[in-house]
Amino acid sequence: MPDTIIRLTPQPPFDFENTAMLHGWAELEPTWYDPKLHTLQRVEVLPNDQVVVLILHSPGSVWQPQIEVSIMHESPIDKDQLAELDGRLKHMLRLDDDLSDFYALCAERGENWLRLKEGWGRLLRSPTVFEDMVKVICTTNVQWGGTKGMLRRLVAAYGSPFPRNDQLHGFPSPQTIANIPFDDFATAVRMGYRTAYVHELATRVAAGYLNLEDLRSPLLPTGEVRKKLLGIKGIGPYAAATILMLLGHYDEIAVDTAFRSFIAKKYFQGRYPSDKEALAIYQDWGKWKYLAYWFDIFSEYSS
DNA sequence: TTCCAGGGGTAGA
DNA sequence: TCTACCCATGGA
């Protein structure tokens with residue numbers, strides 16, 4: 001079966017590599033980045049259960065961006081599945097987000113912040129809120145290597161395989177996870193105490209008690225979404241702020257050990273301030289605090 | 001071996 | 001609202 005190609009034309013400025021790589025999501029299965037080929041790849045399960053592999057690359061530039069998506073598939077893809085895929089890709093890359101206010105603020109700041117205007121800030125996310133939520137739960141109280149391992153085991157054990165290469169699996173659906181007996185699930189994924197949070201989340205979503213995808217509505221105020229997130233077991237202040245960022249609300253910073261040590265090092269000569277003092281650093285970024293912090297920490301450790 | 005990580009739940013104040 | 005304590009797992 002010949003592969004199919006979708007072409008996307010983002011509004012400039014758009015930095016493909018930065019979008020793919022900035023916050024680590026491209027290191028979590030079933031997504032990965034090939035630094036040599038400059039391609040972002042992902043195994044995706046379509047609504048009709050067809051498993052495909054997506055290979056994204058960007059032949060354009062920041063100011064004339066293009067994205068070419070090669071879809072590897074074993075059986076024909078119909079128009080509806082392609083339309084669904086198109087929507088998921090735009091969501092993952094945040095192609096419809098308007099960051100112009102943020103870039104205007106960066107221009108006012110000047111200096112290093114000017115770099116941000118060149119297409120930064122579209123942090124990669126997953127096609128579904130469910131997948132992002134599972135991933136965020138797996139970042140809590142664990143080192144990054146541990147997070148990657150949990151996701152690798154989850155996807156390998158329960159994700160639908162790609163017919164052309166059964167080493168490649170998609171992300172398991174809530175229904176799939178909910179149907180697995182808890183003890184079997186725990187043994188396979190080895191997520192520690194997070195196992196119960198992930199299994200319960202999947203069970204509640206599968207049963208229809210929770211509709212996570214509704215949280216994507218940009219009309220919902222941050223406070224309302226935050227409240228709903230904190231009502232989910234396994235989601236505390238750090239996870240809620242991270243998920244809010246993934247949903248496009250940047251007004252809260254996720255306070256974790258990385259944030260605390262970065263602020264102590266850069267702004268307090270090594271002394272650890274209170275969280276309140278630390279958060280005050282970004283207070284005047286308004287609804288863009290998370291992006292300002294993320295750029296700040298990225299440029300500190302990449303320079 | 002011990003420590004602790006891109007924290008969170010719970011009980012008790 | 002704040003604090004103390006416990007929580008599985010695995011990398012360093």
Side-chain angles (χ1 to χ4, degrees), chain A residues 20-29 31 33 121 123-126 131-158 177 180-204 210 212 223 225-247 249-267 272-279 281-282 289-302:
Chain A
M21 295 302 291
L22 193 57
H23 77 123
W25 242 222
E27 297 175 37
L28 300 180
E29 292 199 25
T31 305
Y33 189 78
L123 284 70
L124 185 70
R125 56 188 172 189
S126 307
E131 181 177 332
D132 272 342
M133 199 171 282
V134 170
K135 286 180 171 174
V136 171
I137 289 172
C138 291
T139 66
T140 59
N141 199 25
V142 68
Q143 291 177 337
W144 185 243
T147 301
K148 289 198 282 190
M150 290 179 213
L151 271 307
R152 189 168 55 243
R153 291 189 291 272
L154 173 69
V155 168
Y158 301 115
I177 296 175
I180 307 161
F182 180 79
D183 290 345
D184 295 350
F185 183 69
T187 305
V189 299
R190 301 205 304 276
M191 291 177 180
Y193 59 79
R194 304 162 200 83
T195 309
Y197 302 148
V198 171
H199 198 269
E200 182 179 329
L201 177 68
T203 303
R204 292 184 64 201
L210 257 181
L212 300 181
V225 181
R226 182 175 193 273
K227 202 172 166 185
K228 288 186 179 178
L229 292 174
L230 290 175
I232 297 171
K233 271 196 187 178
I235 309 289
Y238 153 81
T242 306
I243 294 164
L244 282 168
M245 173 278 283
L246 291 163
L247 290 167
H249 301 262
Y250 305 106
D251 29 359
E252 282 187 32
I253 289 172
V255 177
D256 56 15
T257 54
F259 172 74
R260 293 191 178 102
S261 64
F262 167 67
I263 295 296
K265 184 180 162 200
K266 178 161 181 182
Y267 295 102
Y272 276 72
S274 69
D275 289 349
K276 199 175 168 184
E277 281 179 284
L279 288 168
I281 298 283
Y282 301 98
K289 294 184 196 72
Y290 197 111
L291 287 182
Y293 156 58
W294 202 256
F295 173 72
D296 208 10
I297 193 169
F298 182 85
S299 42
E300 185 78 4
Y301 292 133
S302 66

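Throughout, protein chains are lettered first and strands after them, A, B, ... in sequence-line order, and every chain is numbered starting at 1.
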Rounded interatomic separation in angstrom, taking [atom1] from [X] and [atom2] from [N]:
X	N	atom1	atom2	answer
Trp294(A)	dG6(B)	CH2	C1'	7 Å
Lys135(A)	dG6(B)	NZ	C1'	15 Å
Arg226(A)	dG8(B)	CZ	P	10 Å
Lys233(A)	dG7(B)	NZ	P	21 Å
Lys148(A)	dG6(B)	NZ	P	12 Å
Trp144(A)	dT9(C)	CH2	C1'	17 Å
Ile137(A)	dG9(B)	CD1	C1'	13 Å
Glu200(A)	dG9(B)	CD	C1'	12 Å

**Request:** Measure distances between side-chain N and O atoms of Tyr193(A) and base N and O atoms of dG7(B), and say whether any donor-acceptor pair falls under 3.5 Å.
**Result:** yes

Name the nucleic acid region contacted by [X], choosing base, sugar-phosphate or nothing; use a 4.0 angstrom heavy-atom cut-off, strictly under.
X	value
Ile297(A)	nothing
Gly145(A)	nothing
Ala186(A)	nothing

**Prompt:** Do we see Phe259(A) stacking on the base of dG6(B), given a limit of 5.5 Å between centres and 30° between planes?
**Reply:** no

**Message:** For the residue pair Asn141(A) / Tyr238(A), report whether a side-chain donor-acceptor contact shorter than 3.5 Å exists.
**Reply:** no

Spacing of the [atom1] atoms in [M] and [N] (rounded, Å):
N	M	atom1	answer
dG10(C)	dT1(B)	C1'	14 Å
dA8(C)	dC3(B)	C1'	15 Å
dC4(B)	dC6(C)	C1'	15 Å

**Prompt:** Is any NZ, NE, NH1 or NH2 atom of the basic residue among Lys148(A) and Glu27(A) found under 4.0 Å from an Asp or Glu carboxylate oxygen of the other?
**Reply:** yes

**salt_bridge(Glu252(A), Lys289(A)) N-O dist < 4.0 Å** =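 Lys289(A) and Glu252(A): not salt-bridged.
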
**Request:** Return no unless some side-chain N or O of Thr257(A) is found under 4.0 Å from OP1 or OP2 of dG7(B).
**Result:** yes

**Asked** OP1, OP2 of dG10(C) versus side-chain N and O of Arg190(A): anything below 4.0 Å?
**Response** yes

Looking only at side-chain atoms of [X], point me to the closest of [options].
X	options	value
Arg153(A)	dG8(B), dG10(C), dA5(B)	dG10(C)
Arg194(A)	dG7(B), dA8(C), dG9(B)	dA8(C)
Val142(A)	dG9(B), dA5(B), dG8(B)	dA5(B)
Thr140(A)	dA5(B), dA8(C), dG8(B)	dG8(B)

Ignoring hydrogens and angles, tell me if any N or O in the side chain of [X] forms a donor-acceptor pair with the backbone of [Y] under 3.5 Å.
X	Y	result
Trp294(A)	Leu22(A)	yes
His23(A)	Leu124(A)	yes
His199(A)	Ile180(A)	yes

**Prompt:** So which one's nearest nucleotide on DNA chain B is more toward 5', Thr242(A) or Ile235(A)?
**Reply:**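 Looking at DNA chain B, the more 5' nearest nucleotide goes with Thr242(A).
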
